[in-house]
> 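Here it is: the structure, laid out below.
Note that ligands are numbered from 1 as they come in the structure, with each ligand's atoms numbered from 1 the same way.
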Amino acid sequence: MHPSSPPAAKSTIEVLYSAEQIAAKIQEMADAITARMGSDFMVIALLKGSFVFAADLVRALDHAHCHPQIDFMTLSSYGKNKESSGIVTVERDLSDTVKDKHILLIDDILESGQTLNYARELLNERGAKSLTIAVLLDKPGKRKVELTADFVGFTIPDKFVVGFGLDYANYYRELPFIGYLP
Ligand code: IMP
Ligand code: MG
């Protein structure tokens with residue numbers, strides 16, 4: 001069962017990346033994405049985890065003079081709180097078509113790779129013209145399927161992180177930094 005209040009106070013969370021460090025990294029990523037992809041693409045943000053990253057990345061793209069279309073898809077992988085089962089389902093689908101479009105697929109974190117792999121296969125089946133993957137965090141130590149992101153913000157060790165959209169039992173998504181639960 002999910003707890004009815006956050007299991008640990010915000011003050012006990014050890015900061016891994018501050019809001020300032022994250023903002024600088026996201027602008028760097030947006031500049032690199034624009035340099036490689038131009039402006040003719042659609043951003044697909046995987047919910048819920050990537051909503052904060054997506055909001056900041058698209059504004060950083062604007063700053064880089066890049067003006068993509070944007071759509072969202074909610075995927076969930078059932079499982080225990082800190083470990084995903086690997087069985088991914090679409091909870092809410094895109095509203096737009098991806099056929100013949102260049103897609104920038106974004107997520108908060110790449111861990112086992114199962115979520116992004118599922119999304120990638122689905123969008124390929126639907127006829128996307130190309131697929132580029134950007135994640136804010138990469139935890140390569142936990143990979144279960146072969147998947148490499150084209151753009152990575154920070155590569156992190158094998159520890160559970162929260163904040164900046166990332167949750168534990170749907171808590172901590174609002175934190176402006178990324179940190180370790182105690
Ligand atoms: P994957 O399918 O194992 O690559 O996991 C991707 C999803 O698991 C992400 O979209 C996150 O929602 C979640 N996730 C993986 N690692 C963490 C973490 O350290 N903290 C919070 N959520 C995580
Ligand atoms: Mg999650």
Side-chain angles (χ1 to χ4, degrees), residues 1-3 5-19 21-22 25-26 29 33 43-58 70-94 103-125 131-182:
M1 283 304 284
H2 281 180
S5 61
K10 176 181 174 183
S11 59
T12 64
I13 294 170
E14 187 193 336
V15 177
L16 178 60
Y17 299 110
S18 68
Q21 286 174 301
I22 298 167
K25 181 60 75 177
I26 290 177
M29 292 178 80
I33 288 166
V43 172
I44 293 182
L46 299 182
L47 299 177
K48 295 184 274 200
S50 77
F51 79 107
V52 179
F53 176 46
D56 282 7
L57 183 70
V58 296
I70 303 165
D71 204 351
F72 301 91
M73 181 158 52
T74 307
L75 294 184
S76 80
S77 56
Y78 292 108
K80 291 156 265 124
N81 285 334
K82 289 187 181 175
E83 201 87 22
S84 86
S85 63
I87 301 161
V88 183
T89 57
V90 178
E91 279 194 352
R92 203 170 303 157
D93 210 336
L94 301 168
I103 303 296
L104 178 69
L105 182 58
I106 72 173
D107 206 357
D108 52 353
I109 184 167
L110 169 56
E111 196 181 61
S112 72
Q114 284 158 322
T115 304
L116 275 165
N117 193 47
Y118 179 90
R120 177 173 68 174
E121 286 178 356
L122 189 68
L123 300 179
N124 275 331
E125 276 168 25
L131 262 176
T132 304
I133 295 177
V135 294
L136 182 58
L137 302 174
D138 186 9
K139 225 191 250 183
K142 285 257 180 130
R143 203 77 87 246
K144 288 185 188 154
V145 300
E146 204 177 309
L147 197 146
T148 312
D150 302 279
F151 299 94
V152 173
F154 303 102
T155 300
I156 63 168
D158 246 1
K159 278 174 76 175
F160 195 79
V161 290
V162 295
F164 213 80
L166 292 129
D167 74 303
Y168 175 69
N170 264 330
Y171 288 112
Y172 306 115
R173 293 194 197 273
E174 77 285 7
L175 298 180
F177 57 85
I178 293 167
Y180 295 123
L181 276 183

> Just jot down the ligand 1 atoms closer than 4.0 angstrom to any heavy atom of D107, in number order.
10 (O)
> With backbone taken as N, CA, C and O and side chain as the heavy atoms from C-beta onward, which portion of L46 lies under 4.0 Å from ligand 1: side chain, backbone, both, or neither?
neither
> What's the verdict on side chain to side chain contact (heavy atoms under 4.5 Å, CB included) for I178 and L136, showing C-alpha distance, side-chain angles and the deciding distance?
CA-CA 11 Å; I178 293 167; L136 182 58; 3.9 Å; yes
> Which residue is it: L57, I106, I33, L105? I am looking for the one with a side chain to side chain contact (heavy atoms under 4.5 Å, CB included) to V43.
I106
> Give the atoms of ligand 1, by number and element, whose distance to some non-hydrogen atom of S112 is under 4.0 Å.
1 (P), 2 (O), 3 (O), 4 (O)
> Please confirm whether I109 comes under 4.0 Å of ligand 1, counting heavy atoms of the residue only.
yes
> Looking at every heavy atom in both A119 and L75, which two are closest together, and how far apart are they?
CB-CD1, 4.0 Å
> Would you say K48 contacts ligand 1, with heavy atoms under 4.0 Å as the rule?
no
> Parallel, tilted or perpendicular: which fits the ring planes of Y17 and F154, with parallel below 30° and perpendicular above 60°?
parallel
> Roughly how far apart are L116 CG and T148 OG1, rounded to 0.5 Å?
11.5 Å
> In Å and rounded to the nearest 0.5 Å, what is the CZ to CD distance from F160 to E111?
8.0 Å
> For atom 10 (O) of ligand 1, which candidate among L147, T115, D108 holds the nearest heavy atom?
D108
> For ligand 1, note which part of V162 has a heavy atom under 4.0 Å away: side chain, backbone, both or neither.
neither
> Out of curiosity, L147 CG to D138 CG, how far, rounded to the nearest 0.5 Å?
9.0 Å
> Which residue from A119, G113, G49 reaches closest to atom 4 (O) of ligand 1 through any of its heavy atoms?
G113
> Between K139 and ligand 1, which residue portion shows a heavy-atom distance shorter than 4.0 Å: side chain, backbone, both, or neither?
side chain
> Between Y172, F160, Y180, flag the one that comes closest to atom 17 (C) of ligand 1 by a heavy atom.
F160
> Please determine, by modelled atom types, if K48 and N170 share a side-chain donor-acceptor pair under 3.5 angstrom.
yes
> Between L166 and ligand 1, which part of the residue brings a heavy atom under 4.0 Å of the ligand: side chain, backbone, both or neither?
side chain
